[in-house]
Amino acid sequence: MYSPAQLERGLRRGLSDPSVFARELNRLYHRRLYRREYNTDGIDLLAEDWDTVLVLDACRFDMFEQQHDLPGRLERRRSRSSHTTEFLRANFDGRTATDTVYVTASPQLYRWSDEIDVEFHDVINVWFEAGWDETHGTVMPKTMAEYVREAVERYPKKRIVGHFLQPHYPFVGADDLNTTAFGNGENAPDVWNALRTGDLDASPEEVWAAYRENLELVLPVVRSLLEEIEGRTVVTSDHGNMIGERGFPFPTREWGHPPGIYTDELIEVPWLVSENGPRRDVVSGTIESADDRIADEVVEDRLRQLGYAD
């Protein structure tokens, strides 16, 4: 459910933009009048059989199927979520995973750590300090891959989750579609709402091309990891993305990946299984995560650069 502040903000947005109401009605449908907090028909990531999983944030199945040339067996799976925070809650909240190290380019787990209760053996926040690329406002794939390699070497008896950002916004090769095209600062609209309301003038074809280019950036890096890392590695995504397609059951055009909307474009994700040598001998352990505090303004700035308005 929503807090009073969220309801007030939603009401203001709805009065200025009626499509917000249509989105909320669609969310009511997909979440069964809020009787479920996520897509209960989706896969349970921790219950699946893998040694390493590489999560490509916001990667649709259809786009991945068309573009990838990675070794392995590709399946179409349904995610539990249409948004990263929903993915984290649905797969990790209330879980003990001390046999797993979470290496992440996304600030979302840290941002919501008070509400998402998970015990990993270690959490490596690549998005903080040296891992963040200020020029592009993201963590670049090669940087993320280096941290994954280091984690595999440092924790040879742990399962490794490597959460990449690409193909998620920002579009590294398309500055005209990024934040600087329609404003900056704390009150700037996020890219997907700017597209939905027409504040950012771009066609679905333009956005789709930039989105595909982001995937092209990360695929060669993933291929290198599949060739280097031993064991069973899965390449998947936390959710997909909508590029102007119609929502359901109310057929308004939708952009981005709003939580609680479970269209095929948002929850159908790749599940590519690649085998390379002997499986990892995984054991549980203690919690080694450092309780380093990161300034709130740093976290919020990272999220804004990644297109999250709230």
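The structure displayed is predicted, hence computed values, not measured ones.
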Electrostatic pair [X]-[Y], nearest N-O below 4.0 angstrom:
{"X": "Arg31", "Y": "Glu24", "result": "no"}
{"X": "Glu300", "Y": "Arg302", "result": "no"}
{"X": "Arg78", "Y": "Asp264", "result": "yes"}

Pair [X]-[Y], side-chain donor/acceptor within less than 3.5 Å:
{"X": "Arg73", "Y": "Ser274", "answer": "no"}
{"X": "His83", "Y": "Thr85", "answer": "yes"}
{"X": "Thr84", "Y": "Asp57", "answer": "yes"}
{"X": "Ser79", "Y": "Ser81", "answer": "yes"}

Do [X] and [Y] have side chains that get closer than 4.5 Å, going by heavy atoms?
{"X": "Arg89", "Y": "Glu115", "result": "yes"}
{"X": "Thr233", "Y": "Trp50", "result": "no"}
{"X": "Leu56", "Y": "Leu215", "result": "yes"}
{"X": "Met242", "Y": "Leu266", "result": "yes"}
{"X": "Asp51", "Y": "Ile160", "result": "no"}
{"X": "Leu195", "Y": "Val207", "result": "yes"}
{"X": "Pro170", "Y": "Leu165", "result": "no"}
{"X": "Gln108", "Y": "Tyr308", "result": "yes"}

Looking at [X] and [Y], what are the two nearest heavy atoms and their distance?
{"X": "Pro107", "Y": "Val299", "result": "CB-CG1, 4.4 Å"}
{"X": "Phe120", "Y": "Ile287", "result": "O-CG2, 3.5 Å"}
{"X": "Ala58", "Y": "Pro167", "result": "O-CG, 3.7 Å"}
{"X": "Phe64", "Y": "Pro270", "result": "CD2-CB, 3.5 Å"}
{"X": "Ala194", "Y": "Thr197", "result": "O-OG1, 3.5 Å"}
{"X": "Val148", "Y": "Gly162", "result": "CG2-CA, 4.0 Å"}

field: Verdict with supporting geometry, Asp301 and Gln305, side chain to side chain donor-acceptor pair (under 3.5 Å)
entry: CA-CA 6 Å; Asp301 178 67; Gln305 293 184 64; 2.7 Å; yes
Arg196 NZ/CZ over Trp255 ring centroid, <6.0 Å and within 45° of normal: no
Determine yes or no for a side-chain-to-main-chain donor-acceptor pair under 3.5 angstrom, with [X] supplying the side chain and [Y] the backbone.
{"X": "Asn125", "Y": "Trp127", "result": "no"}
{"X": "Arg253", "Y": "Gly244", "result": "yes"}
{"X": "Ser237", "Y": "Val269", "result": "no"}

- line: With sequence neighbours left out, the residues meeting side chain to side chain donor-acceptor pair (under 3.5 Å) with Glu275 are Arg232
message: Please check if the number of heavy atoms outside Asp296 that lie under 6.0 Å from its CG is greater than 12.
response: no
- request: Mark yes when over 12 heavy atoms from residues, nucleotides or ligands other than Phe128 sit less than 6.0 Å from its CZ; otherwise mark no.
  value: yes
Measure the spacing between [atom1] of [X] and [atom2] of [Y] and express it to the nearest 0.5 Å.
{"X": "Leu109", "Y": "Thr104", "atom1": "CG", "atom2": "OG1", "result": "7.0 Å"}
{"X": "Glu65", "Y": "Met63", "atom1": "CD", "atom2": "CE", "result": "12.5 Å"}
{"X": "His136", "Y": "Leu217", "atom1": "NE2", "atom2": "CG", "result": "8.5 Å"}

message: Can you list everything that forms a ring pair (Phe, Tyr, Trp, His ring centres under 6.0 Å) with Phe87? Sequence neighbours excluded, please.
response: Phe92
- request: With sequence neighbours excluded, tell me which residues meet ring pair (Phe, Tyr, Trp, His ring centres under 6.0 Å) with Phe250.
  value: none
query: Do the side chains of Leu303 and Val139 join up, straight or via other hydrophobic residues, at under 4.5 Å, putting them in one cluster?
result: yes
task: Check the hydrophobic clustering (I, L, V, M, F, W, Y; side-chain heavy atoms under 4.5 Å; chains of links allowed) and say if Val55 and Val273 are grouped together.
output: yes
My understanding is that only residues two or more places apart in sequence, or in another chain, count here; which of them pass side-chain contact (heavy atoms from CB on, under 4.5 Å) with [X]?
{"X": "Glu227", "answer": "Arg223"}
{"X": "Ala295", "answer": "Glu297, Val298"}
{"X": "Arg76", "answer": "Phe61, Glu268"}
{"X": "Ser113", "answer": "none"}

Enumerate the residue pairs fulfilling salt bridge (Lys or Arg N to Asp or Glu O under 4.0 Å) with a member in [range], sequence neighbours excluded, ordered by first and then second residue.
{"range": "residues 90-99", "result": "Asp44-Arg95"}
{"range": "residues 158-167", "result": "none"}
{"range": "residues 237-250", "result": "Arg60-Glu245"}

query: Any ring pair (Phe, Tyr, Trp, His ring centres under 6.0 Å) pairs touching residues 208-229, not counting sequence neighbours?
result: Trp208-Tyr211
- prompt: Can you list every pair that meets ring pair (Phe, Tyr, Trp, His ring centres under 6.0 Å) and has a residue in residues 137-156, with sequence neighbours left out?
  reply: His121-Tyr155
Geometric class of the Phe171/Tyr169 ring pair [parallel <30°, tilted 30-60°, perpendicular >60°]: perpendicular
- request: Assess the pair Tyr262 and Phe248: is the distance between their ring centroids shorter than 6.0 Å?
  value: no
